There are 2 protein chains.
Amino acid sequence: MFRGGGKLGHMTAGPGEHRERRSGALLEFLARRMRLRSESVLAPLGLRPRHLVALTVLREAGEMSQQALAGSLQLDGTNVVGLLNDLETADLVERRRSPEDRRRHVVSLTEHGTKRLNEAECALASAEDDVLAALDPVERDTLYDLLRRASSGGPATCTEAIRDNPDVLC
Amino acid sequence: MFRGGGKLGHMTAGPGEHRERRSGALLEFLARRMRLRSESVLAPLGLRPRHLVALTVLREAGEMSQQALAGSLQLDGTNVVGLLNDLETADLVERRRSPEDRRRHVVSLTEHGTKRLNEAECALASAEDDVLAALDPVERDTLYDLLRRASSGGPATCTEAIRDNPDVLC
DNA sequence: TATTGTTATACTCTATAACTATA
DNA sequence: TATAGTTATAGAGTATAACAATA
(Lines give C-alpha, C1' and ligand atoms only; values in the text may rest on other atoms or scores of the structure.)
Protein backbone atom coordinates (compact mmCIF):
# COMPACT_ATOMS: atom_id res chain seq x y z
CA MET A 1 0.00 0.00 0.00
CA PHE A 2 0.99 3.61 -0.34
CA ARG A 3 3.42 3.02 -3.13
CA GLY A 4 5.71 5.64 -4.54
CA GLY A 5 7.47 8.39 -2.69
CA GLY A 6 10.61 6.39 -2.16
CA LYS A 7 13.35 8.00 -0.10
CA LEU A 8 12.90 11.38 1.44
CA GLY A 9 13.08 13.51 -1.69
CA HIS A 10 10.21 15.97 -1.74
CA MET A 11 8.18 14.92 -4.71
CA THR A 12 7.45 17.72 -7.10
CA ALA A 13 3.80 17.53 -8.03
CA GLY A 14 2.89 17.28 -11.68
CA PRO A 15 1.16 20.17 -13.44
CA GLY A 16 -2.49 19.39 -12.76
CA GLU A 17 -1.72 17.06 -9.89
CA HIS A 18 -2.47 19.06 -6.78
CA ARG A 19 -0.44 16.95 -4.35
CA GLU A 20 -1.58 17.30 -0.79
CA ARG A 21 0.87 16.32 1.89
CA ARG A 22 -1.44 15.87 4.85
CA SER A 23 -0.24 13.63 7.64
CA GLY A 24 -3.56 13.26 9.43
CA ALA A 25 -4.86 10.13 7.76
CA LEU A 26 -1.44 8.51 7.76
CA LEU A 27 -1.05 9.19 11.44
CA GLU A 28 -4.31 7.43 12.21
CA PHE A 29 -3.53 4.66 9.78
CA LEU A 30 -0.22 3.85 11.44
CA ALA A 31 -1.47 4.41 14.95
CA ARG A 32 -4.17 1.82 14.42
CA ARG A 33 -1.66 -0.73 13.18
CA MET A 34 0.58 0.01 16.10
CA ARG A 35 -2.26 -0.31 18.59
CA LEU A 36 -3.42 -3.66 17.26
CA ARG A 37 0.12 -5.04 17.31
CA SER A 38 0.77 -3.62 20.76
CA GLU A 39 -2.31 -5.13 22.34
CA SER A 40 -1.17 -8.72 22.05
CA VAL A 41 2.34 -7.87 23.22
CA LEU A 42 1.09 -5.87 26.20
CA ALA A 43 -1.62 -8.30 27.30
CA PRO A 44 0.79 -10.60 29.22
CA LEU A 45 1.88 -7.55 31.21
CA GLY A 46 -1.72 -6.74 32.09
CA LEU A 47 -1.53 -3.46 30.22
CA ARG A 48 -3.42 -1.91 27.34
CA PRO A 49 -2.12 0.60 24.84
CA ARG A 50 -3.93 3.45 26.51
CA HIS A 51 -2.25 2.64 29.82
CA LEU A 52 1.09 3.00 28.11
CA VAL A 53 0.10 6.35 26.67
CA ALA A 54 -0.90 7.63 30.10
CA LEU A 55 2.29 6.35 31.72
CA THR A 56 4.35 7.92 28.96
CA VAL A 57 2.70 11.28 29.43
CA LEU A 58 3.29 11.11 33.18
CA ARG A 59 6.95 10.26 32.69
CA GLU A 60 7.54 13.02 30.16
CA ALA A 61 5.54 15.78 31.80
CA GLY A 62 5.87 14.78 35.44
CA GLU A 63 3.11 14.67 38.04
CA MET A 64 -0.11 16.52 37.34
CA SER A 65 -3.76 16.72 38.35
CA GLN A 66 -6.29 14.32 36.85
CA GLN A 67 -7.83 17.20 35.00
CA ALA A 68 -4.51 18.17 33.45
CA LEU A 69 -3.94 14.56 32.49
CA ALA A 70 -7.36 14.42 30.87
CA GLY A 71 -6.49 17.56 28.95
CA SER A 72 -3.20 16.15 27.76
CA LEU A 73 -4.73 12.84 26.74
CA GLN A 74 -7.69 14.68 25.20
CA LEU A 75 -9.86 12.28 27.12
CA ASP A 76 -12.96 13.00 29.14
CA GLY A 77 -12.23 13.26 32.86
CA THR A 78 -14.63 10.44 33.63
CA ASN A 79 -12.57 8.01 31.61
CA VAL A 80 -9.37 9.07 33.30
CA VAL A 81 -10.88 7.87 36.57
CA GLY A 82 -11.13 4.29 35.36
CA LEU A 83 -7.78 4.47 33.66
CA LEU A 84 -6.09 5.59 36.87
CA ASN A 85 -7.99 3.02 38.89
CA ASP A 86 -6.34 0.34 36.77
CA LEU A 87 -2.91 1.89 37.09
CA GLU A 88 -3.21 2.56 40.80
CA THR A 89 -4.39 -0.98 41.51
CA ALA A 90 -1.29 -2.23 39.72
CA ASP A 91 0.80 0.21 41.79
CA LEU A 92 2.12 1.94 38.68
CA VAL A 93 0.70 5.31 39.61
CA GLU A 94 -0.06 7.17 42.82
CA ARG A 95 -2.94 9.50 43.63
CA ARG A 96 -2.54 11.88 46.55
CA ARG A 97 -4.59 14.88 47.62
CA SER A 98 -3.05 18.23 46.81
CA PRO A 99 -2.27 20.12 50.05
CA GLU A 100 -3.05 23.44 48.37
CA ASP A 101 -6.43 22.43 47.02
CA ARG A 102 -7.87 19.37 48.64
CA ARG A 103 -10.26 18.80 45.75
CA ARG A 104 -7.38 17.87 43.52
CA HIS A 105 -5.61 14.58 43.12
CA VAL A 106 -1.98 14.83 42.14
CA VAL A 107 -1.07 11.88 39.96
CA SER A 108 2.50 10.64 39.72
CA LEU A 109 4.40 7.61 38.47
CA THR A 110 5.58 5.24 41.15
CA GLU A 111 9.06 3.76 41.00
CA HIS A 112 7.47 0.47 40.07
CA GLY A 113 5.52 2.23 37.35
CA THR A 114 8.65 3.74 35.87
CA LYS A 115 10.31 0.34 35.79
CA ARG A 116 7.24 -1.30 34.32
CA LEU A 117 6.94 1.31 31.62
CA ASN A 118 10.50 0.65 30.56
CA GLU A 119 9.87 -3.10 30.47
CA ALA A 120 6.74 -2.58 28.42
CA GLU A 121 8.63 -0.41 25.95
CA CYS A 122 11.21 -3.15 25.53
CA ALA A 123 8.46 -5.69 24.95
CA LEU A 124 6.98 -3.42 22.31
CA ALA A 125 10.17 -3.40 20.29
CA SER A 126 9.01 -6.22 18.05
CA ALA A 127 5.63 -4.63 17.42
CA GLU A 128 7.32 -1.40 16.50
CA ASP A 129 9.85 -3.15 14.30
CA ASP A 130 6.94 -4.71 12.49
CA VAL A 131 4.99 -1.52 11.93
CA LEU A 132 8.02 0.58 11.05
CA ALA A 133 9.70 -2.14 9.03
CA ALA A 134 10.04 0.15 6.02
CA LEU A 135 12.21 2.61 7.95
CA ASP A 136 15.87 2.16 8.81
CA PRO A 137 17.14 2.87 12.35
CA VAL A 138 18.19 6.43 11.62
CA GLU A 139 14.80 7.23 10.10
CA ARG A 140 13.01 5.69 13.08
CA ASP A 141 15.05 7.90 15.34
CA THR A 142 14.12 10.93 13.29
CA LEU A 143 10.47 9.91 13.42
CA TYR A 144 10.66 9.52 17.18
CA ASP A 145 12.14 12.98 17.58
CA LEU A 146 9.54 14.57 15.35
CA LEU A 147 6.67 12.85 17.14
CA ARG A 148 8.11 13.81 20.48
CA ARG A 149 8.55 17.44 19.55
CA ALA A 150 5.10 17.58 17.99
CA SER A 151 3.74 16.28 21.28
CA SER A 152 5.27 19.23 23.11
CA GLY A 153 3.10 22.19 23.92
CA GLY A 154 0.05 20.05 23.99
CA PRO A 155 -3.59 21.00 23.82
CA ALA A 156 -3.70 22.01 27.48
CA THR A 157 -3.25 25.58 26.37
CA CYS A 158 -5.78 25.00 23.66
CA THR A 159 -8.33 23.63 26.10
CA GLU A 160 -7.85 26.61 28.35
CA ALA A 161 -8.19 28.93 25.40
CA ILE A 162 -11.56 27.39 24.59
CA ARG A 163 -12.75 27.79 28.15
CA ASP A 164 -11.82 31.47 28.16
CA ASN A 165 -13.08 32.10 24.66
CA PRO A 166 -15.51 29.50 23.32
CA ASP A 167 -15.50 31.12 19.89
CA VAL A 168 -11.94 30.04 19.22
CA LEU A 169 -11.78 27.25 16.68
CA CYS A 170 -9.33 24.89 18.25
CA MET B 1 3.95 18.22 28.00
CA PHE B 2 6.80 16.15 26.72
CA ARG B 3 9.48 18.64 27.56
CA GLY B 4 13.09 18.39 26.48
CA GLY B 5 14.46 16.88 23.34
CA GLY B 6 14.57 20.15 21.49
CA LYS B 7 15.74 20.05 17.88
CA LEU B 8 16.55 16.84 16.18
CA GLY B 9 19.79 15.99 17.95
CA HIS B 10 19.75 12.38 19.10
CA MET B 11 19.83 12.65 22.83
CA THR B 12 22.53 10.61 24.46
CA ALA B 13 21.03 8.83 27.43
CA GLY B 14 22.60 9.40 30.82
CA PRO B 15 24.51 6.59 32.56
CA GLY B 16 21.73 4.88 34.47
CA GLU B 17 19.00 6.42 32.40
CA HIS B 18 17.96 3.67 30.01
CA ARG B 19 16.30 5.91 27.44
CA GLU B 20 13.78 4.10 25.32
CA ARG B 21 12.89 5.74 22.05
CA ARG B 22 9.61 4.02 21.29
CA SER B 23 7.24 5.83 18.97
CA GLY B 24 4.16 3.71 19.68
CA ALA B 25 2.63 5.74 22.48
CA LEU B 26 3.50 9.03 20.80
CA LEU B 27 1.89 7.87 17.60
CA GLU B 28 -1.37 7.12 19.36
CA PHE B 29 -1.12 10.28 21.40
CA LEU B 30 -0.85 12.49 18.33
CA ALA B 31 -3.29 10.47 16.26
CA ARG B 32 -5.96 11.00 18.88
CA ARG B 33 -5.39 14.74 18.92
CA MET B 34 -5.50 14.81 15.17
CA ARG B 35 -8.71 12.79 15.05
CA LEU B 36 -10.52 15.01 17.53
CA ARG B 37 -9.46 18.15 15.70
CA SER B 38 -10.37 16.65 12.35
CA GLU B 39 -13.86 15.62 13.37
CA SER B 40 -15.19 19.13 13.75
CA VAL B 41 -13.56 20.28 10.53
CA LEU B 42 -14.83 17.30 8.56
CA ALA B 43 -18.38 17.33 9.93
CA PRO B 44 -19.63 20.06 7.56
CA LEU B 45 -18.45 17.90 4.67
CA GLY B 46 -20.42 14.94 5.98
CA LEU B 47 -17.23 12.95 6.51
CA ARG B 48 -15.58 11.31 9.50
CA PRO B 49 -11.87 10.74 10.01
CA ARG B 50 -12.18 7.07 9.14
CA HIS B 51 -13.75 7.92 5.82
CA LEU B 52 -10.73 10.02 5.02
CA VAL B 53 -8.40 7.19 5.94
CA ALA B 54 -10.25 4.81 3.62
CA LEU B 55 -10.28 7.30 0.77
CA THR B 56 -6.59 7.97 1.26
CA VAL B 57 -5.77 4.26 1.11
CA LEU B 58 -7.81 3.90 -2.06
CA ARG B 59 -6.06 6.83 -3.68
CA GLU B 60 -2.59 5.64 -2.77
CA ALA B 61 -3.01 1.95 -3.46
CA GLY B 62 -5.63 2.07 -6.19
CA GLU B 63 -8.73 -0.09 -6.48
CA MET B 64 -8.94 -3.28 -4.45
CA SER B 65 -11.38 -5.81 -3.06
CA GLN B 66 -13.24 -5.13 0.16
CA GLN B 67 -11.23 -7.82 1.82
CA ALA B 68 -7.96 -6.24 0.78
CA LEU B 69 -9.21 -2.89 2.01
CA ALA B 70 -10.14 -4.44 5.34
CA GLY B 71 -6.64 -5.89 5.55
CA SER B 72 -5.01 -2.59 4.80
CA LEU B 73 -7.17 -0.71 7.28
CA GLN B 74 -6.73 -3.50 9.81
CA LEU B 75 -10.45 -3.39 10.21
CA ASP B 76 -12.92 -6.22 10.38
CA GLY B 77 -14.60 -6.89 7.05
CA THR B 78 -18.02 -6.32 8.56
CA ASN B 79 -17.15 -2.75 9.41
CA VAL B 80 -15.83 -2.09 5.95
CA VAL B 81 -19.33 -2.83 4.65
CA GLY B 82 -20.84 0.06 6.58
CA LEU B 83 -17.93 2.31 5.80
CA LEU B 84 -18.32 1.70 2.07
CA ASN B 85 -22.08 2.10 2.28
CA ASP B 86 -21.50 5.63 3.54
CA LEU B 87 -18.95 6.39 0.86
CA GLU B 88 -20.96 4.85 -1.94
CA THR B 89 -24.12 6.70 -0.94
CA ALA B 90 -22.12 9.92 -1.16
CA ASP B 91 -20.82 8.80 -4.55
CA LEU B 92 -17.20 8.99 -3.39
CA VAL B 93 -16.53 5.33 -4.05
CA GLU B 94 -17.76 2.70 -6.45
CA ARG B 95 -18.39 -1.02 -5.90
CA ARG B 96 -18.54 -3.28 -8.91
CA ARG B 97 -18.47 -7.05 -9.22
CA SER B 98 -15.18 -8.51 -10.32
CA PRO B 99 -15.57 -10.25 -13.69
CA GLU B 100 -12.97 -12.85 -12.73
CA ASP B 101 -14.54 -13.78 -9.43
CA ARG B 102 -18.11 -12.69 -9.08
CA ARG B 103 -17.98 -13.01 -5.32
CA ARG B 104 -15.69 -10.03 -5.12
CA HIS B 105 -16.50 -6.36 -5.09
CA VAL B 106 -13.82 -4.17 -6.61
CA VAL B 107 -13.78 -0.85 -4.79
CA SER B 108 -12.47 2.28 -6.45
CA LEU B 109 -12.49 6.02 -5.95
CA THR B 110 -14.92 7.93 -8.16
CA GLU B 111 -13.84 11.15 -9.80
CA HIS B 112 -16.07 12.96 -7.35
CA GLY B 113 -14.42 11.08 -4.51
CA THR B 114 -10.96 12.12 -5.62
CA LYS B 115 -12.06 15.75 -5.78
CA ARG B 116 -13.77 15.53 -2.42
CA LEU B 117 -10.73 13.96 -0.81
CA ASN B 118 -8.60 16.86 -1.98
CA GLU B 119 -11.09 19.37 -0.64
CA ALA B 120 -11.22 17.60 2.68
CA GLU B 121 -7.44 17.63 2.92
CA CYS B 122 -7.42 21.36 2.33
CA ALA B 123 -10.04 21.84 5.01
CA LEU B 124 -7.90 19.82 7.39
CA ALA B 125 -4.95 22.16 7.00
CA SER B 126 -5.89 24.18 10.06
CA ALA B 127 -6.36 21.09 12.20
CA GLU B 128 -2.99 19.82 11.15
CA ASP B 129 -1.35 23.18 11.72
CA ASP B 130 -2.74 23.10 15.21
CA VAL B 131 -1.55 19.59 16.07
CA LEU B 132 1.86 19.98 14.43
CA ALA B 133 2.34 23.55 15.64
CA ALA B 134 5.69 22.69 17.19
CA LEU B 135 7.16 21.63 13.84
CA ASP B 136 8.32 23.95 11.09
CA PRO B 137 7.29 23.34 7.47
CA VAL B 138 10.41 21.38 6.56
CA GLU B 139 10.00 19.12 9.58
CA ARG B 140 6.34 18.54 8.73
CA ASP B 141 7.37 17.52 5.26
CA THR B 142 9.92 15.12 6.68
CA LEU B 143 7.27 13.70 9.01
CA TYR B 144 4.88 13.25 6.11
CA ASP B 145 7.48 11.38 4.10
CA LEU B 146 8.39 9.12 7.01
CA LEU B 147 4.75 8.31 7.76
CA ARG B 148 4.08 7.65 4.12
CA ARG B 149 7.04 5.35 3.71
CA ALA B 150 6.21 3.54 6.94
CA SER B 151 2.73 2.96 5.56
CA SER B 152 4.21 1.18 2.57
CA GLY B 153 4.31 -2.57 2.54
CA GLY B 154 1.33 -2.69 4.80
CA PRO B 155 -0.06 -5.59 6.77
CA ALA B 156 -1.78 -7.07 3.77
CA THR B 157 1.22 -9.31 3.36
CA CYS B 158 1.16 -9.89 7.05
CA THR B 159 -2.48 -10.87 7.04
CA GLU B 160 -1.83 -13.30 4.23
CA ALA B 161 1.12 -14.70 6.10
CA ILE B 162 -1.14 -15.44 9.07
CA ARG B 163 -3.67 -17.18 6.90
CA ASP B 164 -0.98 -19.40 5.41
CA ASN B 165 0.82 -19.95 8.69
CA PRO B 166 -1.22 -19.16 11.79
CA ASP B 167 1.79 -19.64 14.05
CA VAL B 168 3.48 -16.52 12.75
CA LEU B 169 3.47 -13.76 15.32
CA CYS B 170 2.35 -10.85 13.27
C1' DT C 1 -16.31 -27.38 1.00
C1' DA C 2 -14.17 -22.71 1.06
C1' DT C 3 -14.48 -17.72 0.22
C1' DT C 4 -16.69 -12.85 -0.44
C1' DG C 5 -19.69 -10.03 1.22
C1' DT C 6 -23.86 -9.10 4.19
C1' DT C 7 -26.88 -8.93 8.33
C1' DA C 8 -27.82 -9.42 13.27
C1' DT C 9 -25.89 -9.03 17.64
C1' DA C 10 -22.84 -8.52 21.69
C1' DC C 11 -18.99 -6.25 23.64
C1' DT C 12 -15.91 -2.33 24.42
C1' DC C 13 -14.86 2.52 24.28
C1' DT C 14 -16.13 7.19 25.12
C1' DA C 15 -19.00 10.96 26.43
C1' DT C 16 -23.14 13.21 28.98
C1' DA C 17 -25.60 13.90 33.38
C1' DA C 18 -26.27 13.73 38.24
C1' DC C 19 -23.79 13.47 42.80
C1' DT C 20 -20.12 14.44 46.66
C1' DA C 21 -16.52 17.17 48.57
C1' DT C 22 -14.07 20.99 48.68
C1' DA C 23 -13.36 26.02 47.47
C1' DT D 1 -21.73 29.48 43.05
C1' DA D 2 -18.00 27.03 40.86
C1' DT D 3 -14.54 23.26 40.47
C1' DA D 4 -12.15 18.25 41.06
C1' DG D 5 -13.31 13.98 41.10
C1' DT D 6 -16.67 10.04 41.11
C1' DT D 7 -20.66 7.13 39.65
C1' DA D 8 -24.40 5.68 36.52
C1' DT D 9 -25.80 5.42 32.01
C1' DA D 10 -26.44 5.99 27.04
C1' DG D 11 -24.34 6.34 22.44
C1' DA D 12 -20.79 5.13 19.06
C1' DG D 13 -17.11 1.94 17.57
C1' DT D 14 -15.65 -2.68 16.83
C1' DA D 15 -15.73 -7.60 16.66
C1' DT D 16 -18.06 -12.40 16.60
C1' DA D 17 -21.60 -15.51 14.51
C1' DA D 18 -24.88 -17.01 11.22
C1' DC D 19 -26.39 -16.44 6.35
C1' DA D 20 -26.48 -15.86 0.90
C1' DA D 21 -24.11 -16.10 -3.35
C1' DT D 22 -20.31 -17.82 -5.85
C1' DA D 23 -16.20 -20.68 -6.52
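Below, chains carry the letters A, B, ... as their sequence lines are ordered, and counting in each starts from 1. This structure is a prediction, so every number in the text was calculated from the model and none was measured.
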Tyr144(A) versus Arg148(A), side-chain donor and acceptor atoms under 3.5 Å =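 Looking only at side-chain atoms, Tyr144(A) and Arg148(A) do form a donor-acceptor pair, the distance falling under 3.5 Å.
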Only counting residues at least two apart or in another chain, list the ones meeting salt bridge (Lys or Arg N to Asp or Glu O under 4.0 Å) with [X].
| X | result |
| --- | --- |
| Asp76(B) | none |
| Arg104(B) | none |
| Arg103(A) | Asp101(A) |
| Arg95(B) | Glu88(B) |

Between Gly77(A) and Glu39(B), which is nearer to the 5' end of DNA chain D once each is assigned its nearest nucleotide?
->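 Its nucleotide being nearer the 5' end, the pick is Gly77(A).
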Roughly how many Å is it from [atom1] in [X] to [atom2] in [N], rounded to a whole number?
| X | N | atom1 | atom2 | result |
| --- | --- | --- | --- | --- |
| Arg32(A) | dT12(C) | CZ | C1' | 13 Å |
| Leu73(A) | dC13(C) | CG | P | 15 Å |
| Asn85(A) | dG5(D) | CG | P | 13 Å |
| Asn79(B) | dA10(C) | CG | C1' | 13 Å |
| Arg96(A) | dA4(D) | CZ | C1' | 16 Å |
| His105(B) | dT3(C) | NE2 | C1' | 14 Å |
| Met64(B) | dT4(C) | CE | P | 15 Å |
| Glu88(B) | dT6(C) | CD | P | 9 Å |

Kindly say whether Pro49(A) contributes a backbone atom to a donor-acceptor pair with the side chain of Arg35(A) at under 3.5 angstrom?
->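 Absent.
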Look only at the side chain of Ser151(B) and the backbone of Leu147(B), and say whether a donor-acceptor pair between them is shorter than 3.5 Å.
->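 Checked: pair present.
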Given [options], which nucleotide is nearest the side-chain atoms of [X]?
| X | options | answer |
| --- | --- | --- |
| Arg104(A) | dT6(C), dT14(D), dA4(D) | dA4(D) |
| Arg48(B) | dA15(C), dT6(C), dG13(D) | dG13(D) |
| Ser65(B) | dT6(D), dA15(C), dG5(C) | dG5(C) |

[X] vs [N]: side-chain N/O to OP1/OP2 distance below 4.0 Å:
| X | N | answer |
| --- | --- | --- |
| Gln66(A) | dT6(D) | yes |
| Arg95(B) | dG5(C) | no |
| Gln67(B) | dT4(C) | yes |

Residues in side-chain contact (heavy atoms from CB on, under 4.5 Å) with [X], at least two apart?
| X | value |
| --- | --- |
| Asp91(B) | Thr110(B), His112(B) |
| Arg50(B) | Leu83(B) |
| Ala125(A) | Arg22(B) |

Protein N or O to nucleotides 18-23 of chain C N or O, pairs below 3.5 Å:
residue: dA23(C); atom: OP1; partner: Arg102(A); partner atom: N; Å: 3.0

State, to the nearest 10°, the angle formed by the axis through the first five base pairs of the helix from dT1(C)-dA23(D) to dA23(C)-dT1(D) and the axis through its last five.
->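 About 10° separates the two local helix axes.
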